[in-house]
Amino acid sequence: MPSEVTVFLPDGSTRSVPAGTTIADLAAQIGRRLAAAAVAAELDGVLVDLSEVLVDDARVRIITSDTDEGRDVLRHSTAHVLAQAVLRLWPGARYAIGPAIADGFYYDFDLPHGARFSDDDLARIESEMHAVIDESQPFVREEHTIAEGLEIFADQPYKREIIEGVAEAAVRIDDELAAEAGGNPGAVSTYRNGPGFIDLCRGPHVASTARLGHFKLTRVAGAYWRGDERRPQLQRVYGTAWESDKAVEAYLHRLAEAERRDHRRLGAELDLFSFPPELGSGLAVFHPKGGLVRKVMEDYSRSRHEQSGYQFVNTPHITKSGLFETSGHLQWFAEGMFPPMELDEGHQYYLKPMNCPFHILIYKSRQRSYRELPLRLFEFGTVYRYEKSGVIHGLTRVRGVTMDDAHIFCTRDQMATELQSLLGFVLDLLRDFGLDDFYLELSTMPEEKAVGTASEWEEATEALRQAALAMELELVLDPGGGAFYGPKISVQVRDAIGRTWQMSTIQVDFQMPQRFEMEYVGQDNARHQPIMIHRALFGSVERFFAVLLEHYAGALPTWLAAVQVRILPVRDDHTFYAQRVRSLLAAAGVRAEADDAGEPLGARIRRAKLEKLPYVLVVGDSDLAAGTVGVNARGSDEPERGVSTDLFVEKLRLEAAPPVGRGFGTAGTGAP
RNA sequence: GCCGGUGUGGCGCAGAUGGAAGCGCAGGCGACUUGUAAUCGUCAGGUCGUGGGUUCGAGUCCCACCACCGGCUCCA
């Protein structure tokens with residue numbers, strides 16, 4: 001055995017150290033600051049503890065606490081401390097899993113006698129965690145056989161279940177669970193903190209609990225074991241942990257920023273919409289300003305659809321049950337539907353959860369020729385879905401929802417080009433609304449709920465995949481995420497603060513045409529079955545509205561703003577001039593209003609700023625004399641005095657109008 | 001649907017241990033006529049989410065339901 005080993009560092013340098021040197025020793029040799037910040041390391045591509053002994057020729061990368069990887073280690077280690085604290089406070093508790101997640105960690109428990117955590121428990125647990133940290137307990141890694149593991153966790157059924165899962169060593173092990181247990185089939189690893197606590201874990205962990213401390217428990221929640229609602233519900237504690245108190249503060253600040261953008265809050269503050277409890281959960285009303293914004297969105301969408309070869313249809317909100325029997329909704333989607341109304345001597349009527357069967361009936365209202373295809377039918381169709389009470393959330397998850405829904409009926413040959421131009425159209429429209437950071441998600445056949453043959457699914461999935469690839473955007477797979485009747489592509493949008501939202505969906509469907517026995521007469525004079533593409537660009541108008549509000553933090557771009565310009569006269573005797581400017585703007589298609597001078601100017605300015613209006617004009621003596629306005633543009637601190645009224649009106653004529661639609665002509669291929 | 005929390009005038013909040021419902025903003029009215037983020041005064045507004053119960057007495061305690069918030073499951 002050599003007395004020295006040589007290791008390679010990430011910067012390409014090498015270092016020789018005495019045999020038996022640990023990574024922690026190496027970090028200390030390299031520098032005091034590195035040693036202080038180190039939490040774990042990567043040794044020949046494997047994440048390991050700092051206590052790992054270096055071997056000759058190893059490639060070593062030290063992971064510090066101020067990196068994403070380092071924070072994961074801190075969070076995972078903090079989760080162990082959380083578990084230990086809970087076991088001290090609730091003797092006999094069972095502990096399940098406790099991974100690091102984005103910005104934090106959680107741990108799931110099964111408390112004795114069915115006890116539940118309440119918010120008040122968080123402070124108690126936190127202080128017990130600090131006690132654990134103050135004890136400077138080392139994290140000690142141990143390797144065990146499956147049998148030993150089962151012995152160690154003899155009275156911990158959740159741990160045993162994880163170990164048994166590892167033992168089965170099937171390829172289909174849940175990644176998260178495998179990670180908990182150590183990863184290697186046939187063996188498990190544990191980490192021990194002092195005599196009182198041991199947990200099944202792959203690691204790596206910090207060397208000692210003393211290394212932790214910048215954390216905060218955030219909430220308690222119920223969570224199903226292994227994410228399965230048929231299994232027991234466990235008690236989950238969420239927390240956040242960082243490398244410093246300053247980083248914790250920054251995180252809390254980010255949460256506050258998201259809170260500031262919350263569309264539910266903005267909807268109330270800006271008088272856009274509300275959810276009257278009298279209506280029931282998940283049913284929104286749009287107030288005049290919200291209604292106006294929505295009208296602008298919808299009008300713009302209609303004009304783009306018109307240019308892209310869509311035809312407009314309208315269909316009712318309820319139907320007899322037969323339609324949904326034919327479509328398969330009652331078989332596959334019944335739990336998402338409101339219960340039926342019994343009318344007319346035993347006929348059952350349902351509120352519609354989807355528009356597609358109605359559009360199919362329009363297609364079937366007469367015989368169709370191949371010359372009519374692709375036939376594109378569009379509707380802002382309001383549908384009703386019986387969402388479970390716990391999932392309703394502002395405008396993003398409601399029970400009455402308006403889809404910008406269209407169904408395209410085309411031949412198999414037309415499918416590929418249609419999908420491609422459609423995706424281009426979608427992205428174009430989203431960009432017009434200022435959303436331009438996307439990726440695509442391809443959802444494939446669900447394991448349980450699906451109709452149709454494997455080859456049909458394969459063909460449809462492949463057509464979608466090709467269309468997606470042509471967009472040259474990031475494409476991620478969502479296995480099993482398709483609807484019961486077909487696979488889908490969804491456009492995921494990243495907003496101004498980096499959150500992602502599912503927006504548009506495009507689904508290929510061979511099933512409905514079969515179920516409804518749809519057909520067209522081909523050039524060969526024979527009957528053929530069309531295929532059907534379901535697509536919604538906004539997804540739902542309500543959700544799209546919410547996403548725009550959050551993306552812009554309520555400060556909608558001028559063309560979407562309900563009030564685009566407000567004109568404030570300095571004194572009463574400037575009111576006439578303010579009204580004249582207002583009518584000039586109105587004549588230019590600008591939504592402008594003028595108030596009166598009943599309050600001090602400062603108060604009126606303040607109110608207008610809080611309403612996030614794009615422009616606030618102030619007009620006084622000098623403006624009357626010179627034909628000018630004082631312009632306060634949203635977002636600029638300094639007003640601009642003496643701007644020519646005519647120039648301002650011309651500027652707003654352009655800015656207040658909807659975007660002309662960059663990419664017109666490329667998107668609307670195939671218009672009749 | 002499940003777990004935890006919340007529910008006081010339009011909005012934001014006070015109202016230890018049960019003992020006569022308050023504040024700020026918003027709103028009405030009056031005065032002020034104001035050049036860039038809150039003028040002054042005055043008035044009005046609440047069956048304390050709903051329904052039961054305990055009590056001499058309930059905004060305060062108990063039960064059920066409704067709605068909302070944070071999660072889980074689900075999802076546009």
Side-chain angles (χ1 to χ4, degrees), chain A residues 106 108 111 114 116-122 218-238 259 262 264-265 268-269 271 274-283 333 335-336 353-354 383 385-399 401-405 443 481 483 488 490-491 501-505 507 534 536-544 546-547 568-575 596-610 616-623 629-632 637-642:
Chain A
Y106 67 80
D108 287 345
L111 298 179
R116 318 275 186 219
F117 290 125
S118 78
D119 289 350
D120 298 335
D121 293 325
L122 291 181
T218 50
R219 58 180 63 100
V220 299
Y224 298 106
W225 169 232
R226 303 186 79 163
D228 186 340
E229 64 180 328
R230 290 164 302 195
R231 292 191 180 234
Q233 189 169 49
L234 306 175
Q235 291 287 299
R236 177 172 295 180
V237 177
Y238 280 97
E259 163 83 22
D262 191 313
R264 294 166 300 183
R265 175 198 183 105
E269 280 176 6
D271 195 16
S274 61
F275 295 90
E278 290 86 342
L279 297 186
S281 188
L283 298 167
F333 199 73
E335 65 186 32
M354 291 187 192
V383 299
R385 298 183 181 176
Y386 185 72
E387 300 289 352
K388 291 185 195 170
S389 61
V391 307
I392 286 164
H393 183 92
L395 287 177
T396 62
R397 196 75 184 276
V398 291
R399 285 180 170 164
V401 51
T402 305
M403 320 290 298
D404 59 329
D405 211 357
S443 302
K488 72 178 178 191
S490 55
V491 179
W501 304 85
Q502 177 173 325
M503 306 262 75
S504 320
T505 58
Q507 296 179 304
H534 307 241
L537 274 43
F538 291 156
S540 94
V541 178
E542 290 82 0
R543 161 180 277 179
F544 194 74
V547 172
L568 312 180
V570 173
R571 275 193 323 269
D572 274 348
D573 51 332
H574 304 129
T575 301
D596 55 43
E599 280 180 298
L601 185 62
R604 289 179 283 147
I605 292 273
R606 177 169 190 274
R607 196 185 340 264
K609 297 270 189 194
L610 290 176
V616 179
L617 304 185
V618 173
V619 294
D621 288 333
S622 60
D623 297 298
V629 292
V631 178
N632 297 269
D637 294 334
E638 282 297 303
E640 192 183 351
R641 295 279 299 271

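In what follows, chains carry the letters A, B, and so on, assigned in the order in which the sequence lines appear, proteins first and then strands, with residues in each chain numbered from 1.
Between A:R264 and B:C69, a side-chain N or O to OP1/OP2 separation shorter than 4.0 Å is present. Phosphate contact (OP1/OP2 of B:C72, side-chain N/O of A:K388, threshold under 4.0 Å): absent. At B:C69, none of the side-chain N or O atoms of A:R397 fall inside 4.0 Å of OP1 or OP2 (strictly under the cut-off). An OP1 or OP2 oxygen of B:C68 is reached within less than 4.0 angstrom by a side-chain nitrogen or oxygen of A:S281. Distances shown here put every side-chain N or O of A:Y106 at or beyond 4.0 Å from the OP1 or OP2 atom of B:C72. Residue A:Y386 places at least one side-chain N or O closer than 4.0 Å to OP1 or OP2 of B:G1. An OP1 or OP2 oxygen of B:G1 is reached within less than 4.0 angstrom by a side-chain nitrogen or oxygen of A:S389. In terms of phosphate contacts, A:H393 brings a side-chain nitrogen or oxygen within less than 4.0 Å of OP1 or OP2 of B:G70.
Across all strands shown, B:C40 is found opposite B:G30 as a Watson-Crick or G-U wobble partner, with both distances under 3.5 Å.
Taking only side-chain atoms of A:A603, from C-beta outward, the nucleotide of B:C2, B:G1, B:A38 with the closest atom is B:A38. In this structure, of B:U36, B:C3, B:C72, it is B:C3 that holds the atom nearest to the side chain of A:Q235. Nearest to the side-chain atoms of A:L610 among the listed nucleotides B:C75, B:A37, B:G35 stands B:A37. In this structure, the nucleotide among B:C72, B:G5, B:A76 sitting nearest to the side chain of A:S118 is B:G5.
Only the P atoms considered, B:A16 is 23 Å distant from B:C11, to the nearest whole Å. Between B:G70 and B:G27, the distance separating the two C1' atoms is 33 Å to the nearest Å. Comparing the same atom, P, in B:A21 and in B:G49 gives a spacing of 15 Å after rounding to whole Å. B:A14 and B:G22 have their C1' atoms separated by 7 Å, given to the nearest Å. When the C1' atom is used for both B:C62 and B:U54, the distance is 7 Å, rounded to whole Å.
In this structure, A:R543 forms no cation-pi arrangement with A:F538, as its terminal cationic atom is not both closer than 6.0 Å to the ring centre and no more than 45° off the ring axis.
Side-chain N/O atoms of A:S622 and base N/O atoms of B:G35 include a donor-acceptor pair closer than 3.5 Å. A donor N or O paired with an acceptor N or O is not found under 3.5 Å between the base of B:C3 and the side-chain atoms of A:R116. A donor N or O paired with an acceptor N or O is not found under 3.5 Å between the base of B:A67 and the side-chain atoms of A:E278.
Nucleic acid contact for A:V616: none, since no nucleic acid atom lies under 4.0 Å from a heavy atom of the residue. The residue A:D623 sits close to a base: some heavy atom pair falls under 4.0 Å.
RNA chain B is contacted by both A:A597 and A:G227; A:A597 maps to the nucleotide lying nearer its 5′ end (nearest heavy atom per residue). Where A:N632 and A:I392 each meet RNA chain B at their nearest nucleotide, the meeting point lying more 5' is that of A:N632.
Residues A:E542 and A:T402 form a side-chain contact, since some pair of their non-hydrogen atoms from C-beta on lies under 4.5 Å apart.
As rounded to whole Å, 12 Å separates atom P of B:A76 from atom CG of A:D405.
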